[in-house]
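The structure under discussion appears below in the form of C-alpha cells.
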Amino acid sequence: MPKSLTQKILESHLVEGRLIQGEEISIRIDQTLLQDATGTIAMLEFETLGIERVKAELAVQYVDHNILQTDNKNADDHMFLRTACAKYGVYFSPPGNGICHQVHMERFGVPGKIVLGADSHTPGAAGVSMLGIGAGGLDVALAMAGMPYSLPCPKVLGVRLTGHLPDWVSAKDVILEMLRRYDVKGCVGKVVEYYGPGVKALSATDRETIGNMGTELGATSTVFPSDENTLAYLKAQGREEAWQALQGDEGATYDEHGEMDLSSLEPLIACPSSPGNVVPVREVAGRKVHQVIIGSSVNSSFRDLMVVANIIKGRRRFPGTDLHINPGSKQVLQNVMHHGGLMSLLSAGARIHESGCLGCIGMGQAPGSGQISLRTFPRNFPGRSGTKDDQVYLCSPETGGAAALKGVITDPRDLAQEMTYPKVHDPEEYLIDRMSVFYPSADPGRAEVIRGPNIRPLPNMEPLPATLEGNIVIKVGDNVSTDTIMPAGSTVLPLRSNIEAISTYVFYQIDPEFHRQSKKAEKAVVIGGENYGQGSSREHAALGPRYLGVRVKITKSFARIHKANLCNFGILPLVFKDPSDYDRLTKGQKVVFPDIRRRVENRDGDIPVEVGGQKIMTVLDVSERQRKHLLAGGALNFVKEQLRRS
Ligand code: MIC
C-alpha cells in the first residue's frame, strides 16, 4: 500500500501504538530543541529526573527570546542554561546567534528525523524535511532523557501543489492562503503534507516559512519531500552528507485532500488580531502604516531580508514609517552583509537589530497606540505586541517592503510600475561560522551548574483529591491563545524561571485580579470556548494557573499542545458534552466534581459536574498515560516515582 511521507516517518519512529488516527502513539525522538523562554523550566524538569547526560541523539538549547537583559534575570537564566548544557551534554547557542528555528535548520536539521521542540513553531523544520513537533517543556525534558513522545496519531492532510509563485508573491502568501482556507483551528490533529510538482518551486527556506507558520492552522506538524532543493540548501550549509531523498509513494492516500495552484496566488495579509483573518492585500491597501518589521521567528532568512534590501535599494523608507529588520541568525546577517544587502537597508533608513525573536514575543518594538504595524511574524494575537490596542497585520517581506517605501499598505505588485521584481536566490555557499554553537563539556562530571537568584525550584504538586469543589474564576470565549492566559513581553518573560512570580500575570490582560481570586477560591475552575489555548507551547500557561489552584478547565475544545500541558501539570481538561451548557455557566458559580478521583481511576469518559443546583455532563478524553499523570497531580510526579521504583 503506497504511503505518505508522514506515515513513513512516523512508522520508522513508532515505539508504541498503532498508526490509527486519534489513537495515542509513542514515537522515538531523534533531536530536541529548547529555547530560553521555555528552556529554563524544562532544564529544571530534566534535572529533577536525576539523569546524568542527555540520551537523545542531539539536544540543543537556544537563547533567542529573552535577550533584553534589563536586569540580572536574563543574564542569570543564560548562565544557568549555558552551564547546565555543558554538564548534561546539550549544545548551546548563545544570545545573538539566532532564532532556534533558523539556526537549527542551518546547523542541525536532517531530513527524515524527528525534532521535538519546546516552541510551537518547531514544524519550521519542514524546511529540511524533518518532522518538527512543538511540545511543552516537560515533554521535551523527557525526550532529552531518552523517553518517547506520546501524541494522538494525526490525520494527514495532503496538499498537492502545482504551478509557480508569480512575481511579488512568496512562501508567506502560501501559508496565508492555507490560513484563509482553514483558519486557526482547521488543521488541529493533522499533519499537513505538501507534495506534487509545485513543491520544486519552493526553496528550503520557503518551506521553513510554510512549516513554521503552519502551527497557526492548529496543525501538529508540516512536511515536505526532501529533494534537490533540500540538497542544495544542505550543500550551501556545508552539510550535504546529511541529505537523503524522501517523498511519499506515488498514489499514496491522504486522510484529507487539498490542492493549491501556486500560480493563482496573490499577495495576502492577516488583519488584526488573528493569523486566520486573511484577506488579499489589495482589499486593505491605502491604510497608513507606522511600522514595518521584517524577520523574527518566520521570514527571517537570507532571501527574506535580501528581497526587502533589493526593493528598498537606492531609495528611502517613507519618513513616517519605521522599518525594523530582525535577522533570523547571525549567519543570515553575515550573508546579507556579504551580498551588499545591509548597506541598502541602512542607507534606506532601516533599523537593524540583533538576531532574535524581539517584537514577535513583545520584547520591544511595540507599536504606538492604535497605529498599524505590518510584520512578517507568525502571530498577531491581541496585545501580544505589548500595545493594548495594537493593530498588527501579518504579511510577506514583499508586502512589508512595499509598505515601508510607500507608508501605506500597498499591494507589492504595484511596485512593478517602478522596478522589476528583485527575485533572490539563496547563495550556493553560505558564509558559515562553525564555532557559533558551544559544544557540551567533554568532562561533564566537573562542569558546575550556576544558578542565580532568578532560578527558582519547581513547586510541589499534590495528587488529584477524592472530590473537587471549586469556583469559576473566569469565563472566556473562542480561540483564546496562551498569550491571553500567560502573557509574554518584557515585564513577564524574564520571570519564566520563577513560577511563583510569573503566576501573578495569569489572565492579567483581561482580569488583573485573577491571581488573587484564584488563590481565594477553594479550587479554581476556568471556562473556555472553542480551540482554547491555541498558539504557543509555553507550559507556563498550565503551570501558572496550577500554582494558583486551578485544577479544572472546561471548554468546548482544546488546542493540542495546551491540552497536553494541562495533563502534564495535573489540570483536568474537560469538554462540554453539550456545548450549549457553556451558556449556563457564569463567573463566581460554585462547581462540584463528585468522586472525581474514582472516576478518573475507573477510566470514566463522562464526568458529571454539579453547578447551581443542576448537573451538566462533561467529557474527559485523555489517554491511559495522561490519566495516570492526572491522578498523580502531574507527569513529573508520576515519572519521578517510576524512576525511583526502577
Ligand atoms: C511564540 O511564538 O509564541 C513563542 C514565544 O515562540 C512560544 C514559546 C514561548 O512562549 O516561549 C511558542 O510558540 O511556543
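Residues take their numbers from the sequence shown, with the count starting at 1. Counting starts at 1 for both ligands and their atoms, following the listed order. A quick note: this is a predicted structure, and the numbers were derived from the prediction, not measured. In what follows, every heavy atom counts, from backbone to side chain, and hydrogens, waters and symmetry copies are set aside.
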| query | Taking distance alone, with no angle check, do R538 and ligand 1 share an N/O pair under 3.5 Å? | reply | yes
| H562 and Y532 aromatic ring geometry - parallel, tilted or perpendicular at 30°/60° bounds | tilted
| query | Y62 vs H104 aromatic rings, parallel, tilted or perpendicular, using cut-offs 30° and 60°? | reply | perpendicular
Counting from 1, what ligand 1 atoms have a heavy atom of [X] closer than 4.0 Å?
X: R496; value: 9 (C), 10 (O), 11 (O)
X: S537; value: 12 (C), 14 (O)
X: S536; value: 3 (O), 7 (C), 10 (O), 12 (C), 13 (O), 14 (O)
X: S120; value: 12 (C), 13 (O), 14 (O)
X: H121; value: 2 (O), 13 (O)
X: Q35; value: 8 (C), 9 (C), 11 (O)
X: R384; value: 1 (C), 2 (O), 3 (O)
X: T38; value: 9 (C), 11 (O)

| Do R375 and Q291 have a side chain donor and acceptor closer than 3.5 Å? | yes
| Any luck finding a side-chain donor-acceptor pair between S301 and R303 under 3.5 Å? |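 S301 vs R303: no donor-acceptor pair found between side chains.
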What residue and heavy atom of the protein are closest to [atom], and at what distance?
atom: atom 6 (O) of ligand 1; result: D119 OD2, 2.8 Å
atom: atom 4 (C) of ligand 1; result: H65 NE2, 3.7 Å
atom: atom 1 (C) of ligand 1; result: R379 NH1, 3.1 Å
atom: atom 5 (C) of ligand 1; result: I361 CD1, 3.1 Å

| Is the closest heavy atom of H540 to ligand 1 under 4.0 Å? |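 The answer is no, since H540 has no heavy atom less than 4.0 Å from ligand 1.
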| task | Return each pair, listed once, that meets salt bridge (charged side-chain N to carboxylate O under 4.0 Å, His left out) where at least one residue sits in residues 488-512; pairs must be two or more places apart or across chains. | result | D511-K587
| query | Do D64 and Q102 touch side chain to side chain, with heavy atoms closer than 4.5 Å? | reply | no
| said: So M363 and H65, do their side chains get closer than 4.5 Å, heavy atoms only? | reply: no
| Shortest non-hydrogen separation from Y505 to A501 and the atoms involved |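 Heavy-atom minimum between the residues: CD1-O, 4.0 Å.
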| query | Between M178 and V159, which heavy-atom pair has the shortest distance, and what is it? | reply |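 That closest heavy-atom pairing would be CE-CG2, 3.9 Å.
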